[in-house]
Structure formats: C-alpha cells, structure tokens
Amino acid sequence: MCGIVAYIGKKRAAPVLLDGLKKLEYRGYDCAGVALLFDGKLEVFKRQGRVEALEPARTLAGNAGIGHTRWATHGAPSERNAHPHRYGRICLVHNGIIENADALRRECLARGERFSSDTDSEVAAHLIDGLYQEENDLLRAVRRACGRLSGSYAFAVLCEGREEVVCARMRSPLIVAKGEDGAFAASDIGAVAAPGRQGCVLEDGEFARLTREGAEVFDAHLHPVRRTFFSLGDEEALPGKGEYPHFMRKEIAEAPSAIEKTLFEAEKHINSQLCEVLCQTEYLDIVACGTAYHSGLCFQYAAERIAHIRTEVFSASEYRDLQPVAMPHTLTIAVSQSGETADTLAAAQAAKARGCRVLAVTNVARSSLERAADFVLPTRAGREVAVAATKSFQAQLAALYVLCTQLAKGRNLPAPSLAGLAVLAAETLARSAAVEAWVPLFCEARSVFFLGRGADRCAALEGSLKLKEISYLPSEGYAAGELKHGTLALVDGRTPVVAVVCDEALADRTMNAVHEVYARGAPVFLVTPFEALARAREVTACALIPRCDPAFSPMLSVIPLQLLAYHVALACGNDPDKPRNLAKSVTVE
Ligand code: F6R
C-alpha cells in the first residue's frame with residue numbers, strides 16, 4: 001500500500017516522479033504529493049485524490065525529488081495527511097506503519113514541536129530533523145532515527161541543502177535503481193524500469209543513498225554492501241490497457257495466456273529437491289489472503305480429492321494468532337500475487353519458525369515472499385494492475401493444480417490432465433459475454449448470494465468477493481447446503497442468487513438450494529456446463545461454460561463471475577480498476 005518514487009539525476013525530477021507515481025497508483029489513491037529540491041530549497045506539492053491532481057507540479061524545477069501516492073492508514077485521506085511530510089530541513093515519504101508513533105509524537109510535543117498532519121509518518125521527519133542537527137549527515141541521521149522506530153517502513157528522505165536522497169527499508173518493499181540518467185528508488189520495479197537501467201531490492205534493515213553519480217547500498221551499520229544489480233528491461237515495466245477500457249477487463253481476457261504460461265513454467269520449477277520434499281509431505285497448510293485464499297480453497301479440494309493429502313487453508317492474517325499445532329512433514333504453501341502482502345509474509349515466516357518448509361506461489365519475481373521461501377512456484381500471469389485480482393487467480397490455480405498432480409504422481413495416484421485448460425478458458429471467455437444482460441437485476445439488488453458445493457463453493461466465494469469489492473453491493477459466497485441454516489432468511493425478490501454447478505455428482509443437491517431460493521422469489525442465475533440445468537424453470541439466465549474435471553472447474557467457472565462483477569461495477573458508475581478504500585499489494589498488517 002502506498003507508492004513511493006524518488007529520483008536524482010540529469011533530468012527534471014517532477015515528470016519522472018509523476019510518471020512513476022501513475023504507475024504506482026494501484027498501491028493507493030487517497031491522496032498524493034511530491035517534493036522537489038531546487039537550488040538547495042524544498043518545494044512540496046500535495047493534493048487529496050488521485051495522482052492526476054498533481055499535474056500542475058509537472059513544471060516544478062529541480063533535479064531531485066520524492067513522490068508518494070497514499071492509501072490512508074493513520075489519518076483521513078486529505079491534503080493535510082498527504083505525503084511528503086516536512087519538518088525543519090527534512091522532507092520524507094513513507095510506506096508502512098510506525099507502531100510506536102504515538103509515544104514518539106508525545107516526546108516531540110513535549111519538546112515544543114508542532115505537527116502538521118495526523119499521520120504516523122510525520123514523526124519520522126521530526127526525529128530525523130533533530131538527529132540531523134547533531135550529525136550533519138543525512139544517512140547517519142536516518143539510520144539513528146530508524147533505530148527508534150518499530151513497525152514497518154520504506155522511506156525516501158530529502159534534506160534542504162543536500163543533493164542526495166536517502167532511503168531505508170524495514171518490512172516494506174523498496175527497489176533502488178540506477179541508469180545513465182540518474183538514480184531512483186521506488187516501491188515497485190515497474191515505476192522505474194526502462195531499458196538500460198539496473199536495479200536491486202533493498203533488504204530489511206538496509207539503507208541507500210542516491211546521488212547524481214548513482215546508488216549506494218549500506219547495511220544496518222552503514223557499511224557499504226556490494227549488490228549485484230539486475231537489468232530492468234522493458235519486460236519489467238507496467239503494461240498499458242491496450243484496446244481495453246479498463247485494466248480489469250484486459251486482465252480477465254488474459255486468463256488463457258496466464259494459465260498456459262503458468263502450467264508450462266510450474267512444471268519446470270518442480271525440480272528433484274522439491275519432488276523429494278513433496279514425497280515426504282504428509283500435511284499441507286495454505287496461508288493466503290483474499291483471492292489468493294480462495295485459490296488455496298480450490299487447491300484444498302483438488303489436493304484432498306486427487307492426491308489424498310490432508311490440506312488446511314488459513315487466512316494468513318489469522319495464522320500467527322491461531323498458532324496451529326505443528327504436524328511433522330508439513331509443507332506450508334504461501335500464495336500471493338504480489339508476494340508483498342504483509343500478513344502472508346508474516347504467516348510464511350511464522351511457519352518457517354515452526355520448522356515447516358515454505359513454498360511460495362507468487363506472480364512477482366524477487367518479491368519479499370519469494371526471497372523468504374524455501375521453494376518457489378512462479379505464476380506467469382504478467383503484471384496485474386487492476387486492484388481486483390482476476391487472471392492471477394487462474395494462474396495461481398494453474399500452479400497449484402500442477403503441484404496437485406505432482407503430489408498424486410508421487411503417491412502413485414491417477415490425476416486428471418491439465419492439458420487443454422487454457423483453450424477451455426478461452427472458450428469460456430467467448431461464451432460469457434451473456435452475463436452483461438444480467439446486470440440490471442444486480443444493480444437493483446439489496447444483496448447477492450453466490451452458491452455452490454465442493455469446488456463450486458470456492459468459485460462462488462471468489463465470485464462474491466469480486467462483486468462486492470468493485471460494485472460495493474453486499475454479497476456473500478455460501479456453501480449451498482448451509483443456506484437453509486439461517487441465511488435463507490435474507491433471501492427475497494431483491495436478492496439475486498448465482499449458483500455455480502460444475503460437478504455432476506453434486507448438481508442435484510445444489511439445485512435443491514436453487515429451488516429453495518426460487519420459492520422465496522429470488523432471481524436465479526446459473527453458471528454450469530450442463531444444458532439441462534440451464535433449461536430449468538427456476539433459472540432466470542445461464543452462462544453455459546465448457547466442461548472440465550470438476551476438481552479444476554473453478555478455473556473456468558470464475559470467468560463469467562469476474563465479468564459479471566466488472567459489468568455491474570460499470571453500471572453502478574464505479575471505476576473497476578480502483579475500487580474505493582482498497583489498494584493492491586497490502587503491505588501493512
Ligand atoms: C481481491 C484481491 C485481494 C488480494 C489479497 C491478497 O480481488 O485482489 O483480495 O487477493 O489482498 O493479495 P496478494 O495475492 O497480492 O497477496
């Protein structure tokens with residue numbers, strides 16, 4: 001959450017910062033700001049709202065600067081709370097949460113210092129300013145200030161009169177880059193990637209100093225660290241929307257290619273060392289959040305059914321507090337598109353501390369999760385920009401299903417083939433256009449239910465999450481058999497119900513729930529490969545999708561649900577790429 005960019009070099013800094021911030025806006029879009037250093041003086045420009053509100057700052061002079069796009073944690077989204085925060089000679093941008101901010105703030109207030117925001121971040125500017133007066137060295141002042149902070153941070157700091165940017169990282173991602181045109185720092189490679197530039201990932205506890213001459217990295221004692229910089233080619237840059245009106249729509253369309261590439265890549269990554277661990281594995285724990293958690297649920301269903309292996313799925317945010325009993329030979333699988341989700345990272349680290357091996361399934365190379373894990377199964381969805389995860393869900397399923405078939409193989413169990421799933425996904429996309437006609441009944445709805453049994457329940461949960469996060473309609477995904485144990489009381493004529501029915505063996509039982517909601521007046525929408533069900537009297541409309549093994553069916557059945565959410569969001573007048581209150585890559589707990 002929150003995006004940081006910093007630059008110093010030959011070019012004017014303002015356009016570099018603004019263009020970088022636009023690419024980082026998926027990390028937060030409550031407010032934004034930049035600070036420029038010109039002739040030794042600092043100029044700050046901040047606005048509530050999106051990065052485009054900073055356009056007037058594009059003409060500001062200065063070859064060094066810092067920028068920020070914010071997802072509010074401490075303090076309301078407002079210009080006052082937008083970064084950069086300035087105190088004395090210091091100006092900084094921060095991503096993370098300073099947990100002891102209140103105590104530090106009280107200290108500053110007792111010294112007579114005044115605050116101009118409600119944020120936890122501003123306290124760091126106060127600390128650094130005080131220490132800079134003692135040290136007369138920005139790097140040392142930042143390091144000493146960081147020694148007093150608890151929590152998470154990625155900082156980029158400017159000081160009046162000094163031609164440098166100092167950066168620090170603790171549990172919040174920060175990339176340092178350099179090229180002929182100068183030195184950069186950013187929360188995400190995509191913001192600074194360009195041909196000819198090179199970058200490295202700062203580790204927790206490290207610092208960096210950016211000057212016109214380049215970027216230097218220092219350890220916690222400020223000893224220089226020799227880093228291998230990797231090339232930031234075009235392939236790391238964030239993509240555009242192409243012919244599509246929104247990133248979300250484009251990313252839904254990219255699912256078949258994400259599936260195909262991930263199936264290919266995941267097979268290559270199951271090396272002999274991982275195979276050995278899989279053969280010894282008796283229990284699987286999945287830790288993940290949101291959509292990735294739903295991928296975990298889909299995998300649980302496939303792993304239990306196909307590989308006969310006991311699998312448990314944990315909300316990563318609950319895992320550490322639950323402290324599940326450590327079973328011997330447990331493999332923990334941490335699933336995360338961004339590889340930076342703080343809760344998933346913390347759960348993976350907790351699992352490691354309990355002696356489990358950790359396998360990361362992530363879409364971002366060199367992410368914190370990838371670097372923390374023992375093994376990696378990469379997903380190859382390509383960059384996902386829309387806040388709502390779509391193609392990354394299917395890519396996660398592709399990687400996890402490869403793992404499932406491998407686990408089955410190691411146990412001499414037959415496993416259904418994964419070949420052809422990408423083609424079926426393309427066919428599903430083509431057939432799902434019909435869901436656009438469903439939209440009016442959803443826009444008028446009081447609330448929506450998504451129902452299913454088995455793997456269909458997992459798809460239903462994901463469909464419901466998609467709808468609620470971008471349309472803001474109250475929505476719940478439910479096990480079809482559970483509905484009558486209380487929740488049926490909520491169903492009436494203004495409660496559309498979407499039933500996912502892809503497993504023939506469970507179809508009759510799921511249809512019982514359909515009869516029950518229909519009897520209460522609910523309009524029923526069906527996602528199924530079974531034509532006979534589509535003709536049922538109770539069904540208002542149906543998305544007829546291709547048939548595949550029921551254990552893998554969420555990969556297909558989720559597609560009409562993603563499209564439905566997209567079209568309902570548009571009809572409600574919402575921006576599907578940037579839903580309110582949310583941000584991609586949740587790097588705070
Ligand atoms: C929903 C969504 C979120 C993420 C969740 C985990 O559309 O995008 O629920 O799935 O925040 O993010 P990652 O996968 O990056 O760990």
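Indexing begins at 1, ligand by ligand and atom by atom, following the structure's order. All residue numbers in this chain count up from 1 along the given sequence. Note that the structure is predicted; figures quoted are calculated from it, not measured.
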Against heavy atoms of [X], which atoms of ligand 1 measure under 4.0 Å?
X    : value
A292 : 10 (O), 14 (O)
E469 : 1 (C), 7 (O)
S336 : 13 (P), 14 (O), 15 (O), 16 (O)
S338 : 13 (P), 15 (O), 16 (O)
Q337 : 13 (P), 14 (O), 15 (O), 16 (O)
V387 : 8 (O)

Identity and distance of the protein heavy atom lying nearest [atom]:
atom                    : result
atom 4 (C) of ligand 1  : T291 N, 4.0 Å
atom 16 (O) of ligand 1 : T341 OG1, 2.4 Å
atom 11 (O) of ligand 1 : V586 CG2, 4.0 Å
atom 6 (C) of ligand 1  : C289 O, 3.3 Å

Review point. When the ring centroid of Y293 is compared with that of F314, is the distance short of 6.0 Å?
Key: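 Ring centres of F314 and Y293 not closer than 6.0 Å.
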
Review point. Does the separation of the ring centres of F393 and H294 fall below 6.0 angstrom?
Key: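 F393 vs H294: aromatic centres not under 6.0 Å.
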
Return yes when atom [atom1] of [X] has more than 12 non-hydrogen atoms of other residues, nucleotides or ligands closer than 6.0 Å, and no otherwise.
X    : atom1 : value
R357 : CZ    : no
R371 : CZ    : yes
K261 : NZ    : no

Review point. If you look only at pairs with a residue in residues 435-459, which of them pass as a side-chain hydrogen bond (donor to acceptor under 3.5 Å, both in side chains), with sequence neighbours excluded?
Key: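 Listed by first then second residue: R446-D492.
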
Check your understanding: At what distance, to the nearest 0.5 angstrom, does CG of L377 lie from CG of L403?
Key ->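 With rounding to 0.5 Å, CG (L377) is 5.5 Å from CG (L403).
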
Check your understanding: ligand 1 and A389, any nitrogen or oxygen pair closer than 3.5 angstrom?
Key ->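 By distance alone, the answer is yes.
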
Point to revise | Contacts of type ring pair (Phe, Tyr, Trp, His ring centres under 6.0 Å), residue F449, not counting sequence neighbours | key: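 None.
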
Practice item. Quick one: look at K466 and ligand 1, take heavy-atom pairs under 4.0 Å, and tell me if it's side chain, backbone, both or neither. Key: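 Under 4.0 Å from ligand 1, K466 contributes side-chain atoms alone.
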
Point to revise | Among E254, E265, E260, salt bridge (Lys or Arg N to Asp or Glu O under 4.0 Å) partner for R380 | key: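 For R380, the salt bridge (Lys or Arg N to Asp or Glu O under 4.0 Å) check succeeds only for E265.
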
Review point. Is it true that L582 lies under 4.0 Å from ligand 1, counting heavy atoms only?
Key: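 Flag not set, L582 not near ligand 1.
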
